[in-house]
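Below: one structure, written as structure tokens.
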Amino acid sequence: MSSYTGLYVQRLESGEIHGVQVVDSFGNSLSLEPEIYIKRQINPPINTLPNIDDYKAEISKPKVSPIILALVDWVNGKSVPEEALYRMQQFGFIFPDLQGVLKLTPYGEQTLRENGLL
């Protein structure tokens, strides 16, 4: 199973699918060839995805970044993936002290407060 989720399909005038837009758990989006989408067993099934013209992204409420949600988990003592820890450091939310212990930065705390998560 893949860590990607299908969003919509892109079709030629003939109706043939030539691309499938997917997103990963960190919000990164890319287009895949239909054969790759099927081979990787990405959900939902390709034949249930809307066409690009019918796709309507959720715009009613801004989404909280998966990295910020991982930061909440980390602050609450839950285990988070190494990739999330790496990204949290890249964004300046956490830093290792001189002993290598990860600490929340003032910016990380501010970000949690601004999103109503602290």
Side-chain angles (χ1 to χ4, degrees):
M1 293 299 274
S2 175
S3 63
Y4 289 105
T5 300
L7 298 176
Y8 57 82
V9 296
Q10 301 158 333
R11 296 181 186 269
L12 300 172
E13 285 188 31
S14 66
E16 178 186 352
I17 297 172
H18 72 87
V20 184
Q21 194 69 24
V22 298
V23 65
D24 68 14
S25 59
F26 293 107
N28 300 310
S29 181
L30 69 124
S31 184
L32 296 176
E33 294 178 9
E35 299 78 21
I36 294 172
Y37 185 90
I38 293 166
K39 183 177 181 181
R40 292 187 183 177
Q41 300 178 344
I42 300 171
N43 283 313
I46 195 169
N47 61 347
T48 65
L49 293 173
N51 292 323
I52 187 170
D53 296 334
D54 299 326
Y55 176 74
K56 293 184 177 49
E58 294 179 12
I59 57 172
S60 60
K61 178 178 150 187
K63 289 185 178 182
V64 176
S65 164
I67 295 301
I68 295 174
L69 294 175
L71 181 61
V72 171
D73 287 344
W74 179 80
V75 166
N76 290 321
K78 295 180 183 174
S79 178
V80 297
E82 288 293 321
E83 173 72 15
L85 290 172
Y86 174 74
R87 290 191 182 223
M88 285 188 276
Q89 288 181 66
Q90 279 186 315
F91 291 132
F93 298 151
I94 61 175
F95 73 100
D97 67 10
L98 294 175
Q99 288 76 38
V101 177
L102 292 173
K103 304 282 185 177
L104 184 65
T105 66
Y107 178 67
E109 185 174 341
Q110 175 187 349
T111 300
L112 292 176
R113 286 190 196 286
E114 288 174 356
N115 285 281
L117 300 169
L118 186 66

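Basis for what follows: all heavy atoms, side chains included, without hydrogens, waters or symmetry-related copies.
Taking CH2 from W74 and CG from N76, the interatomic distance works out to 10.5 Å, rounded to the nearest 0.5 Å. One finds the CG atom of N28 at 10.0 Å from the OG atom of S3 (value rounded to the nearest 0.5 Å). Rounding to the nearest 0.5 Å places CG of L117 at 6.5 Å from CG of L69. From Q41, atom CD reaches atom CD1 of I46 across 13.5 Å, with rounding to the nearest 0.5 Å. One finds the CZ atom of R87 at 13.0 Å from the CD1 atom of I68 (value rounded to the nearest 0.5 Å). Between atom OG1 of residue T105 and atom CD1 of residue I94 there is a gap of 8.5 Å, rounded to the nearest 0.5 Å.
By the ring-ring contact (aromatic ring centres under 6.0 Å, His included) test, Y4 is found to be paired with no residue, residues two or more places apart in sequence or in another chain being considered. Remark: F26 pairs with no residue by the ring-ring contact (aromatic ring centres under 6.0 Å, His included) rule, at least two apart or across chains.
Contact annotation: the side chain of L104 approaches that of L71 to within less than 4.5 Å [non-hydrogen atoms, C-beta and beyond]. Counting heavy atoms from C-beta on, the side chains of P96 and Q89 come closer than 4.5 Å. Residues Y37 and L49 meet the side-chain proximity criterion, which asks for heavy atoms closer than 4.5 Å. Between L32 and I42 the shortest side-chain heavy-atom distance falls below 4.5 Å. Counting heavy atoms from C-beta on, the side chains of S29 and D24 never come closer than 4.5 Å. In this structure, M88 and L102 have side chains that are not in contact, with every pair of non-hydrogen atoms separated by 4.5 Å or more.
Side chains of Y86 and E82: no donor on one and acceptor on the other come within 3.5 Å.
Atom CD of E83 is surrounded by more than 12 heavy atoms from other residues, nucleotides or ligands within 6.0 Å.
No donor-acceptor distance shorter than 3.5 angstrom exists from the side chain of N51 to the backbone of D53, with no hydrogens or angles considered. Here the side chain of S31 pairs no donor or acceptor atom with the backbone of Q21 at under 3.5 angstrom.
Closest non-hydrogen pair, G6 versus P44, comes out as O-CD, 3.7 Å.
Linking Ile, Leu, Val, Met, Phe, Trp and Tyr residues whenever their side-chain heavy atoms come within less than 4.5 Å places Y107 and I67 in a single cluster.
Aromatic ring orientation, Y8 versus Y55: tilted (interplanar angle from 30° to 60°).
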